[in-house]
Amino acid sequence: LRAAQTCPGVVKLIDCFETDDDVRVVQEACHGGDLKQYVEDCGPVNEEALSIIAFEALRFLAACHEMDIVYADVKPANFCLTEASQLD
């Protein structure tokens, strides 16, 4: 996550803490939840919002690939919204 901080649209990493039992990640709050939950709660997004989502996701993936980062877990639950109103 640290290496990807310069990629556009990446949630800001504040800090990481590691113990013998687990790893804790402190990141920017995304009050809008994730894209999967948004669609489950509000139904499908309109075409304009979908084009913005696709653009942002592809821009993020392209930036990762430029840095030799392979992001292999692309799914709606892994795309966070800073505010739920972003898609309204």
Contact summary for [X] and [Y], nearest pair of heavy atoms:
X   : Y   : result
N46 : E48 : OD1-N, 3.1 Å
A77 : D34 : O-CB, 3.5 Å
E28 : V10 : OE1-O, 4.4 Å

First locate atom [atom1] of [X], then atom [atom2] of [Y], and finally report the distance between them rounded to the nearest 0.5 Å.
X   : Y   : atom1 : atom2 : value
L58 : E56 : CG    : CD    : 10.0 Å
C30 : K12 : SG    : NZ    : 10.5 Å
L50 : I53 : CG    : CD1   : 5.5 Å
I14 : Q27 : CD1   : CD    : 8.0 Å
T19 : R24 : OG1   : CZ    : 7.0 Å

Practice task
State plainly whether one hydrophobic cluster holds both L35 and Y71, where clusters connect Ile, Leu, Val, Met, Phe, Trp and Tyr through side-chain heavy atoms under 4.5 angstrom apart.
Solution key: yes

Problem - Same apolar cluster (I L V M F W Y, side chains within < 4.5 Å links), V26/V11 - result: no

Fill in the blank from the handout: Tracing side-chain contacts under 4.5 Å among Ile, Leu, Val, Met, Phe, Trp and Tyr outward from F55 reaches none

Exercise for the section: Taking the side chain as every heavy atom from C-beta outward, state whether P76 and V39 have any pair of such atoms under 4.5 Å apart. Expected result: no

Exercise for the section: Could you tell me whether the side chain of F79 reaches within less than 4.5 Å of the side chain of V74, counting heavy atoms only? Expected result: yes

Exercise for the section: For residues 62-75, pull every pair meeting salt bridge (Lys or Arg N to Asp or Glu O under 4.0 Å), keeping only residues two or more places apart or in separate chains. Expected result: D73-K75

Problem - E40: partners by salt bridge (charged side-chain N to carboxylate O under 4.0 Å, His left out), with sequence neighbours left out - result: K36

